[in-house]
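So the structure is just underneath, and the comments pick up after that.
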Amino acid sequence: PETKPLDGLHVLITAGPTQEPLDPVRFLTNHSTGKMGYGFAHEAAALGATVTLISGPVSLPEPGEPTIETVHVTTAQQMFEAVQQAYESADIIVMTAAVGDFRVSEVAGEKIKKAGRSSIQIELVSNPDILAWVGAHKRTDGSQVLCGFAMETQHLIENAAKKLASKHCDMLVANNLRDAGAGFGTDTNVVTVLTPAPADASDSQAPIQPRVEKWQKMGKTELAHQLL
Ligand code: C5P
């Protein structure tokens with residue numbers, strides 16, 4: 001039988017947005033469509049991996065491959081719990097989800113009414129950073145590869161380099177929302193790929209600079225293939 005590059009490996013992917021409820025009819029979310037993460041799931045399966053796809057609410061078709069298990073979640077907290085269940089056996093972990101950084105501190109039990117008010121206050125509290133948690137808990141023998149994403153509107157490389165280091169990623173894929181052909185809902189992406197500096201670069205006192213590669217614009221499926 002034909003051998004494939006990811007045969008025998010388990011790939012864990014987070015995808016899509018999260019929804020954080022305000023009351024029974026309303027929520028906070030973002031423009032993520034899940035295309036990048038679902039692209040990863042299909043490519044990883046095609047390369048021979050078994051895949052756990054943890055997906056926020058998206059309107060993409062459920063992957064039909066028998067080697068992809070899709071877990072549907074709504075909130076960041078639910079995504080966090082699903083990742084905690086799945087991460088230990090994963091060899092490659094790719095976090096493309098646009099996780100809501102904050103949730104409403106007290107979700108209203110009934111629909112919030114206008115009731116003649118000209119403004120209302122909603123208090124938000126921070127959600128767990130799932131990628132940072134996995135970075136802090138992944139195996140230390142290098143047998144688990146962690147890839148994070150970063151979408152920025154300014155200071156792309158500096159912000160991405162900080163995330164690569166602070167979240168203990170092995171790869172950080174940065175895209176600028178302002179680049180043509182990048183970002184939410186598009187079928188293409190323009191990314192810069194950051195990886196930690198090689199060990200022999202760490203002997204100076206200066207902050208260690210990551211390796212930075214700017215990739216040309218490509219389809220999200222092709223990009224997932226190249227990154228895997
Ligand atoms: O810090 P920032 O949100 O820009 O980091 C983006 C990366 O972190 C993405 O890989 C995203 O999936 C992940 N993330 C996460 N949990 C959060 C926030 C971001 O896993 N609460």
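Whatever order the structure lists ligands and atoms in, that order sets their numbers, starting from 1. When reading the values below, keep in mind they use all heavy atoms of this one structure, side chains included, and skip hydrogens, waters and symmetry mates.
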Item to check | Neighbour count above 12 (heavy atom, 6.0 Å) for Arg211 CZ | outcome: no

Checklist entry - What heavy-atom pair brings Thr67 and Ala45 nearest, and what distance separates the two atoms? => result OG1-CB, 3.8 Å

Checklist entry - Any side-chain hydrogen bond (donor to acceptor under 3.5 Å, both in side chains) pairs touching residues 39-66, not counting sequence neighbours? => result His10-Thr52, Tyr38-Ser55, His42-Glu65, Glu43-His225, Glu62-His72

Next on the checklist: Looking at every heavy atom in both Leu12 and Tyr87, which two are closest together, and how far apart are they?
Outcome noted: CD2-CA, 3.8 Å

Next on the checklist: Donor-acceptor check, side chain of Gln144 to backbone of Ala90, threshold 3.5 angstrom: yes or no?
Outcome noted: yes

Next on the checklist: With a 4.0 Å heavy-atom cut-off, what residues sit around ligand 1?
Outcome noted: Met95, Ala97, Val99, Asp101, Pro128, Asp129, Ile130, Leu131, Gly148, Phe149, Lys163, Lys167

Checklist entry - Does Val145 belong to the same Ile/Leu/Val/Met/Phe/Trp/Tyr cluster as Leu131, with side-chain heavy atoms less than 4.5 Å apart forming each link? => result no

